[in-house]
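What follows is a short report on a single structure.
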Amino acid sequence: MDKRIESFDWSLVQAFLAVAETGSLSGAARVLGTSQPTLGRQIKTIETQLGAELFRRQPRGFALTETGAALVSPAQAMRDAVRQIALTAAGQQEQLEGTVRITASVATSAVHLPPIIAHIRNLEPEIAIELVPSDDTSNLLFREADIAVRMYRPTQLDLVTQHIGDIPLGIFAAKSYVAARGAPRSRMDFLDHDFVGYDAATQIIDGFAAFGLAVERDTFKTRCDDQIAYWELVRAGCGIGFAQADVGRNDPLVQEILSDFELPTLPIWLTAHEAMRQTPRIRRVWSLLAEGLKPLVA
């Protein structure tokens with residue numbers, strides 16, 4: 001085998017791939033956290049080692065040559081292999097110490113996880129917890145998080161999941177709203193009331209449709225997609241809203257609206273990469289998370 005290939009530097013492939021995917025040295029520098037001159041030297045080096053031109057320099061960036069385009073797929077496979085090596089190595093760590101990074105929705109992170117994390121820290125003071133509140137889907141395969149708390153079942157390969165249970169939902173209104181407007185007694189009464197709806201999300205509209213009530217976005221005169229702000233709007237009396245049953249029933253400012261709606265439930269899943277799941281600290285935090293989330297489910 002060519003000695004140049006045997007001693008090939010992964011950082012050169014990383015530089016090539018970053019420039020190929022961003023189309024510029026500046027964009028690649030931001031991705032890799034390095035400088036443009038360093039990247040320029042790395043691109044020149046990899047082209048010299050391969051004996052081929054990989055990019056055509058243009059006024060507004062870098063365009064792949066035919067050879068460069070052919071190398072993108074194997075370079076991406078190499079990147080995935082390097083990440084898998086890191087995951088596997090991390091999964092072999094034996095100490096019940098270190099950092100565990102948890103991601104969950106903003107609402108779950110704010111409402112449910114703080115007391116659970118406090119309990120974990122009391123029991124395992126050598127384990128540091130990083131909480132990432134996000135309604136985006138963090139990629140467990142790329143170590144953006146070690147454990148994810150999801151309200152749906154993840155389907156990616158190489159992930160392990162545990163269904164904790166299903167959280168019941170309820171219909172609630174501020175006591176101030178009920179005092180001023182009364183409460184609906186049946187589903188047909190609902191259309192005579194104000195509701196707090198979502199802005200872009202369609203779940204509430206879809207739920208009304210499932211019960212034979214045709215509504216649209218403009219039906220809701222107060223709208224918000226952020227779950228924390230949404231609940232505050234309900235508590236303030238902006239209209240009737242939907243929430244996890246335990247959240248509403250434990251809030252002294254609201255009351256539950258009884259109706260003939262049979263509401264769906266909200267599933268809750270724990271998810272981790274299979275290479276990391278058996279790491280002692282992650283296994284321990286997983287177990288304590290499952291224990292702490294159990295009281296939420298029906």
Side-chain angles (χ1 to χ4, degrees), residues 1-95 98-103 128-148 154-160 271-279 281-282:
M1 179 181 290
D2 192 324
K3 293 295 184 184
R4 295 176 302 174
I5 302 303
E6 288 183 340
S7 60
F8 211 59
D9 186 348
W10 156 242
S11 66
L12 300 180
V13 179
Q14 194 175 29
F16 160 73
L17 199 50
V19 175
E21 291 178 338
T22 64
S24 69
L25 290 180
S26 60
R30 286 192 296 271
V31 170
L32 297 179
T34 188
S35 67
Q36 294 185 46
T38 297
L39 279 169
R41 289 192 295 271
Q42 289 176 317
I43 294 301
K44 184 175 293 185
T45 300
I46 191 173
E47 288 181 327
T48 299
Q49 288 193 9
L50 293 176
E53 184 182 26
L54 304 181
F55 295 100
R56 282 188 293 272
R57 282 67 173 173
Q58 297 179 334
R60 296 187 177 180
F62 282 55
L64 287 163
T65 63
E66 185 176 347
T67 300
L71 293 180
V72 170
S73 180
Q76 290 172 332
M78 188 174 179
R79 177 177 61 191
D80 292 344
V82 169
R83 285 169 169 164
Q84 185 61 47
I85 289 170
L87 280 169
T88 302
Q92 301 306 310
Q93 297 175 10
E94 297 297 329
Q95 301 88 347
T99 299
V100 177
R101 190 172 174 86
I102 302 168
T103 186
I129 302 294
E130 293 178 350
L131 178 60
V132 185
S134 175
D135 292 323
D136 295 330
T137 303
S138 293
N139 196 330
L140 295 170
L141 300 178
F142 292 163
R143 294 298 307 279
E144 293 173 16
D146 296 310
I147 301 174
T155 58
Q156 299 101 315
L157 299 176
D158 300 324
L159 297 182
V160 292
T271 308
H273 192 282
E274 63 181 0
M276 296 296 296
R277 173 65 176 83
Q278 295 309 315
T279 304
R281 68 181 186 278
I282 294 178

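FYI, side chains are in, hydrogens and waters are out, and symmetry mates aren't considered; it's all heavy atoms of this structure.
Screening residues 23-47 for ring pair (Phe, Tyr, Trp, His ring centres under 6.0 Å) gives no qualifying pairs among residues at least two apart or on separate chains. Screening residues 17-40 for salt bridge (Lys or Arg N to Asp or Glu O under 4.0 Å) gives Glu21-Arg79 as the qualifying pairs, with residues at least two apart or on separate chains. Residue pairs meeting the salt bridge (Lys or Arg N to Asp or Glu O under 4.0 Å) criterion with at least one member in residues 66-77: none, sequence neighbours excluded.
For the salt bridge (charged side-chain N to carboxylate O under 4.0 Å, His left out) test, residues two or more places apart in sequence or in another chain that qualify with Glu130 are Arg101. Among residues two or more places apart in sequence or in another chain, the side-chain hydrogen bond (donor to acceptor under 3.5 Å, both in side chains) test is passed with Thr45 by none. The side-chain hydrogen bond (donor to acceptor under 3.5 Å, both in side chains) search around Thr67 returns none, not counting sequence neighbours. Contacts of Gln14 classified as side chain to side chain contact (heavy atoms under 4.5 Å, CB included), with partners at least two apart in sequence or in another chain: Trp10, Leu32. With sequence neighbours left out, Thr38 forms a side chain to side chain contact (heavy atoms under 4.5 Å, CB included) with Thr34, Ser35, Arg41, Gln42. Under the rule for a ring pair (Phe, Tyr, Trp, His ring centres under 6.0 Å), the partners of Phe62 that lie at least two apart in sequence or sit in another chain are Phe55. Residues passing the side chain to side chain contact (heavy atoms under 4.5 Å, CB included) test with Val72, sequence neighbours excluded: Phe16, Leu17, Ala20, Leu64, Gln76.
Annotation for Thr65 and Glu53: closest pair OG1-O, 2.7 Å, computed over non-hydrogen atoms. The two atoms that bring Ala15 and Leu39 nearest to each other are CB-CD2, 3.6 Å, heavy atoms only. Closest non-hydrogen pair, Ala70 versus Pro74, comes out as O-CD, 3.4 Å. Across every non-hydrogen atom of Ala18 and Thr22, the tightest pair is O-OG1, 2.8 Å.
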Query - Residue pair Thr279, Asp146: steps toward the side chain to side chain contact (heavy atoms under 4.5 Å, CB included) verdict - result: CA-CA 10 Å; Thr279 304; Asp146 296 310; over 6 Å; no
Requested in this report: Apply side chain to side chain contact (heavy atoms under 4.5 Å, CB included) to Ile102 and Ile129, showing your working.
Outcome: CA-CA 7 Å; Ile102 302 168; Ile129 302 294; 3.8 Å; yes
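Summarising the geometry, atom CG belonging to Leu12 is positioned 8.0 Å from atom CD1 belonging to Ile43; distances are rounded to the nearest 0.5 Å.
Within the 3.5 Å criterion, the main-chain N or O of Gly61 finds no donor-acceptor partner in the side chain of Ser24.
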